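The shown structure was predicted, so the numbers you read here are calculated from the model rather than taken from an experiment. Whatever order the structure lists ligands and atoms in, that order sets their numbers, starting from 1.
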Amino acid sequence: MSAPSPRVAPSILSADLARLPAELAIVDPLRDWVHCDVMDNHFVPNLTFGPMVVEAARRLTSAPLDVHLMIEKPWTTLEAFRRAGADTVIVHLEACPQPAEVLRRIRGSGARAGLAIKPGTPYASAAPLLPELDQLLVMTVEPGFGGQAFMPEMLDKVRAAAADRAAHGLAFAIEVDGGIHDETARAARAAGADVFVAGHAIFRAPEPIKALAALRAAVGA
Ligand code: DX5
Ligand code: ZN
């Protein structure tokens, strides 16, 4: 089975939420997905937004919404995020004592099921779950904040996932999130990643649409 084609997902964590309609409109011509970072101040030391803002984003763009839950007990809010319009729901392996069950519930709700691993979590912990997921998110920074520096050593996990995907005929997407800009995205693409989340590199650029175009060109999207 062939690897998915590259996709770029601007992260609204770095957008100006007071101008969310304008921010989404700016990137709309070139985005593939829109990435929504949900944080609870427990799983990560930051607090962002919940289903209400995802639902607002849903009404502002037709892009598939890639919802990254950096929260404890994510299974308790799956239905709320689905109702809000999430197309992909990503939970953290570190937050789920029974990850296979949670991934099955996400798929059962009709969403794509994503599993994220923090920098300190070895790839081997996620590998047995690959048949249960549609997307593996390899965090390339410590989750919690935008604008941090990319951790190049995380690309070993991307390479391992890409090799397992090919070896077992699987079709899950490999997503990288954190510190993604043209150069780091190119390196991640070479390692086998196909979904590129970028916050600061797009929304904090002087011309976000140009930055998005450059990022697309860097990964061949
Ligand atoms: C960090 C979030 C990221 C964040 C990336 O915990 O998961 O999605 O928006 O931001 P940048 O691209 O600025 O590193
Ligand atoms: Zn994220």
Side-chain angles (χ1 to χ4, degrees), residues 6-17 20 23-24 26-27 30-50 53-54 57 63-72 74 77 81 86-95 111-121 133-155 157-158 173-189 193-206 208 211-212 214-216 218-219 221:
R7 294 187 173 93
V8 177
S11 168
I12 61 170
L13 183 66
S14 302
D16 178 355
L17 289 186
L20 190 57
E23 296 276 68
L24 286 174
I26 288 168
V27 296
L30 290 179
R31 88 290 178 279
D32 293 296
W33 298 346
V34 167
H35 186 82
C36 302
D37 287 306
V38 177
M39 305 187 192
D40 68 353
N41 190 37
H42 291 280
F43 183 73
V44 290
N46 194 6
L47 184 61
T48 57
F49 51 75
V53 169
V54 173
L65 298 181
D66 191 47
V67 176
H68 179 191
L69 301 181
M70 286 160 276
I71 62 176
E72 289 181 357
T77 54
F81 284 105
D87 295 280
T88 301
V89 177
I90 304 160
V91 295
H92 265 268
L93 178 58
E94 304 85 0
R112 299 174 71 256
L115 185 72
I117 50 174
K118 299 208 284 190
T121 301
L133 53 84
D134 301 299
Q135 191 159 307
L136 178 70
L137 197 180
V138 175
M139 287 301 306
T140 44
V141 298
E142 221 33 83
F145 298 92
Q148 304 180 75
F150 180 81
M151 300 167 75
E153 61 276 24
M154 294 303 125
L155 293 184
K157 297 182 192 179
V158 172
I174 303 174
E175 180 172 37
V176 283
D177 183 7
I180 295 296
H181 52 72
D182 296 5
E183 194 185 318
T184 55
R186 208 174 287 118
R189 180 66 182 150
D194 12 72
V195 182
F196 303 85
V197 176
H200 271 49
I202 295 173
F203 287 112
R204 303 293 173 95
L212 176 51
L215 191 53
R216 296 189 74 84
V219 299

*Asks:* With sequence neighbours excluded, tell me which residues meet side-chain hydrogen bond (donor to acceptor under 3.5 Å, both in side chains) with Asp194.
*Replies:*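 With sequence neighbours excluded, Asp194 shows a side-chain hydrogen bond (donor to acceptor under 3.5 Å, both in side chains) to Arg165, given in chain and number order.
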*Asks:* Without swapping roles, check the side chain of Thr140 against the backbone of Phe150 for a donor-acceptor pair under 3.5 Å.
*Replies:* no
*Asks:* Using salt bridge (Lys or Arg N to Asp or Glu O under 4.0 Å) as the criterion, list what pairs up with Arg7, not counting sequence neighbours.
*Replies:* none
*Asks:* Just wondering, more than 12 heavy atoms not from Glu153 lying within 6.0 Å of its CD?
*Replies:* yes
*Asks:* What's the spacing between Glu94 CD and Glu72 CD if we round to 0.5 Å?
*Replies:*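 Taking CD in Glu94 and CD in Glu72, the distance rounds to 11.5 Å.
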*Asks:* Looking only at atom types and distance, does a side-chain atom of Asp87 sit under 3.5 Å from a main-chain N or O of Leu65, one as donor and one as acceptor?
*Replies:*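 Present.
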*Asks:* Tell me whether the rings of His68 and His92 are parallel (<30°), tilted (30 to 60°) or perpendicular (>60°).
*Replies:* parallel
*Asks:* Tell me the residues surrounding ligand 1, counting only those with a heavy atom closer than 4.0 angstrom, sorted by chain and number.
*Replies:*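 Only Ser11, Leu13, Ser14, His35, Asp37, Met39, His68, Met70, Met139, Pro143, Gly144, Phe145, Gly146, Gly147, Asp177, Gly178, Gly179, Val197, Ala198, Gly199, His200 have heavy atoms that fall under 4.0 Å of ligand 1, ordered by chain and number.
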*Asks:* Rounded to the nearest 0.5 Å, how far apart are CD of Glu142 and CE of Met151?
*Replies:*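 Between atom CD of Glu142 and atom CE of Met151 there are 6.0 Å.
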*Asks:* Check for me: within less than 2.8 Å of the Zn ion (ligand 2), which protein N/O/S atoms show up?
*Replies:*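 You should have found His35 NE2, Asp37 OD1, His68 ND1, Asp177 OD2.
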*Asks:* To the nearest 0.5 Å, what is the distance between CD1 (Ile90) and CG (Asp134)?
*Replies:*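 Here the interatomic distance stands at 10.5 Å.
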